[in-house]
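In what follows, a structure is listed as structure tokens, so that the remarks can point back to it.
As the structure is a computational prediction, the values presented were derived from the model and not from experiment. Counting from 1, the numbers follow the sequence of the chain as shown.
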Amino acid sequence: MSIRARLNALYGGLFLLAGAALLAVTYLLVWQSLNGRLQPYADLISLRDLRDATADEVITSIRTAQVRYRDEVLESLLTRGGLALLCVALIAVAFGWLLARSALQPVHRITEAARRIAAGHGLHERIAPTGPRDEVAELAETFNAMLDRLDRAFDGQRRFVADASHEMRTPLAVKRALIEVSITRPGASADAKQLGAELLKVNARHERLIDGLLTLADSENELTERTRTSVSDIAEHVLWQSKGIADQAGVDLHHGELAPCEVVGDPVLLERLVRNLVDNAIRHNHRGGWVDVDTRPGVLVVVNTGPKIQPFEAEGLFRPFRRLDRVATTTGERGLGLGLSIVRAITAAHGATVTATPGADGGLAVTVRFVEET
């Protein structure tokens, strides 16, 4: 039972118990009063009226009338009093329901705020204090204080990642320029050129890592602008752009007719979401495999063949820098471990959910469910 129902049952139950006790006490009092006051009257009659009947007959008749009168009074008290008690109890239950609703209104506001925050609307929302200074008001203040600390902590973490990533981009760009100058200058040996090419690959990997961290930090921020976007159109565009990469990896990209899937969100982040899912499905695959993309109202599904993944490992793939080292890639390069973590951050920012289900024969099926808005 909910708190409101329990409070309502408590109010109604206490009132019924009190009413029943009051009715029982009233019954006893009336019974004693009738017995105590009618007996002297019967004795008086037995002494005065002896003309038409004997004294015993008169007394018996009067006492019979007394008993009948007493039973009628008590029966009337029970029936009418019980009906009155039932009516008053129903009224008390109604008032108790309204009272519980009014008393629990602040708790409902706290619950709604927590749901909005959990749905990805950000940690900036606060509960306005209303009503008297009571336990519920203290709960709201404690909840706001907790949100303040969480907001500052997450903002600090995002700022640190963003600032560190920006600071690292400059030395990486300088390093790339120095390597390119060294391997392209006249007289550079073959060993130097080979070493420079390897260093450029490492530098490019670091640059992709920095871009991934920046995207992850940006996708975890609250969306400031939302526009109606067609995820199916984005998926079709990403599939067309990824055709060349899939051909080089020996992976077949195919999809049926993409059903309309429109959501309200950030088009840039939504494109990055679809691109990460498609790139991840191509990279963690095998030659001769396939990638299937499907959309329907409020749902995006990307399924691919590939190595076998245990069910308990699927959830860990959404953590940053989490990779399955035993899984080979079609490109021969290890991933950064940020692709699916960025996908989860983007879905959370849009109030959506993402799940990964390993296939029975290998591969992975990733499903994104958006909140449909009208």
So how far is it from [X] [atom1] to [Y] [atom2], rounded to the nearest 0.5 Å?
{"X": "Q248", "Y": "K243", "atom1": "CD", "atom2": "NZ", "value": "12.5 Å"}
{"X": "N276", "Y": "R283", "atom1": "CG", "atom2": "CZ", "value": "9.0 Å"}
{"X": "L364", "Y": "I309", "atom1": "CG", "atom2": "CD1", "value": "5.0 Å"}
{"X": "E198", "Y": "I183", "atom1": "CD", "atom2": "CD1", "value": "11.0 Å"}
{"X": "I234", "Y": "C261", "atom1": "CD1", "atom2": "SG", "value": "9.5 Å"}
{"X": "D266", "Y": "R272", "atom1": "CG", "atom2": "CZ", "value": "12.5 Å"}

[X]: which residues meet the side-chain hydrogen bond (donor to acceptor under 3.5 Å, both in side chains) condition with it, sequence neighbours left out?
{"X": "D233", "result": "S230"}
{"X": "R344", "result": "E315"}
{"X": "D279", "result": "none"}

What closest approach, in Å, do [X] and [Y] show between heavy atoms, and which atom pair accounts for it?
{"X": "N285", "Y": "A281", "value": "ND2-O, 3.1 Å"}
{"X": "S341", "Y": "R319", "value": "CB-C, 4.0 Å"}
{"X": "G289", "Y": "T305", "value": "CA-OG1, 3.2 Å"}
{"X": "G196", "Y": "I179", "value": "O-CG2, 3.4 Å"}
{"X": "R369", "Y": "A352", "value": "O-CB, 3.1 Å"}
{"X": "A356", "Y": "A314", "value": "O-CB, 3.6 Å"}

So do the side chains of [X] and [Y] get within less than 4.5 Å of each other, counting heavy atoms only?
{"X": "L273", "Y": "L277", "answer": "yes"}
{"X": "T229", "Y": "E262", "answer": "no"}
{"X": "F370", "Y": "L270", "answer": "yes"}

Would you find a donor on one side and an acceptor on the other, under 3.5 Å apart, between the side chain of [X] and the backbone of [Y]?
{"X": "S182", "Y": "E180", "result": "no"}
{"X": "T347", "Y": "V354", "result": "no"}
{"X": "K308", "Y": "A360", "result": "yes"}

Going by salt bridge (Lys or Arg N to Asp or Glu O under 4.0 Å), name the pairs with one or both residues in residues 354-365, residues two or more places apart or in two chains.
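Applying salt bridge (Lys or Arg N to Asp or Glu O under 4.0 Å) to every pair that reaches into residues 354-365, excluding sequence neighbours, yields nothing.
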Q241/H237 under side-chain hydrogen bond (donor to acceptor under 3.5 Å, both in side chains): CA gap, chis, key distance, verdict
CA-CA 6 Å; Q241 288 188 332; H237 175 71; 3.1 Å; yes
Quick one: list whatever passes side-chain contact (heavy atoms from CB on, under 4.5 Å) with [X], sequence neighbours left out.
{"X": "I110", "result": "I127, L139, A140, F143"}
{"X": "L239", "result": "L253, H255, V278, V293"}
{"X": "T184", "result": "none"}
{"X": "N280", "result": "H284, L340"}

Please report the C-alpha distance between V251 and R287 in whole Å, then the side-chain angles of each, then the deciding distance to 0.1 Å, and finally whether the side chain to side chain contact (heavy atoms under 4.5 Å, CB included) criterion is met.
CA-CA 6 Å; V251 177; R287 290 194 169 272; over 6 Å; no
How does the hydrophobic cluster around L258 look, that is, which other residues are in it when side-chain heavy atoms under 4.5 Å mark a link?
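None, because no other hydrophobic side chain comes under 4.5 Å of this residue.
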Connecting only ILVMFWY residues whose side-chain heavy atoms lie within less than 4.5 Å of each other, what is the rest of V301's hydrophobic cluster?
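Other cluster members: W290, V299, V303.
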Contacts of type salt bridge (charged side-chain N to carboxylate O under 4.0 Å, His left out), residue R149, not counting sequence neighbours
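Testing R149 for salt bridge (charged side-chain N to carboxylate O under 4.0 Å, His left out), a comparison that skips the adjacent residues, returns none.
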Among T295, D294, L300, which residue satisfies the side chain to side chain contact (heavy atoms under 4.5 Å, CB included) criterion with S232?
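Output: one option passes, namely T295.
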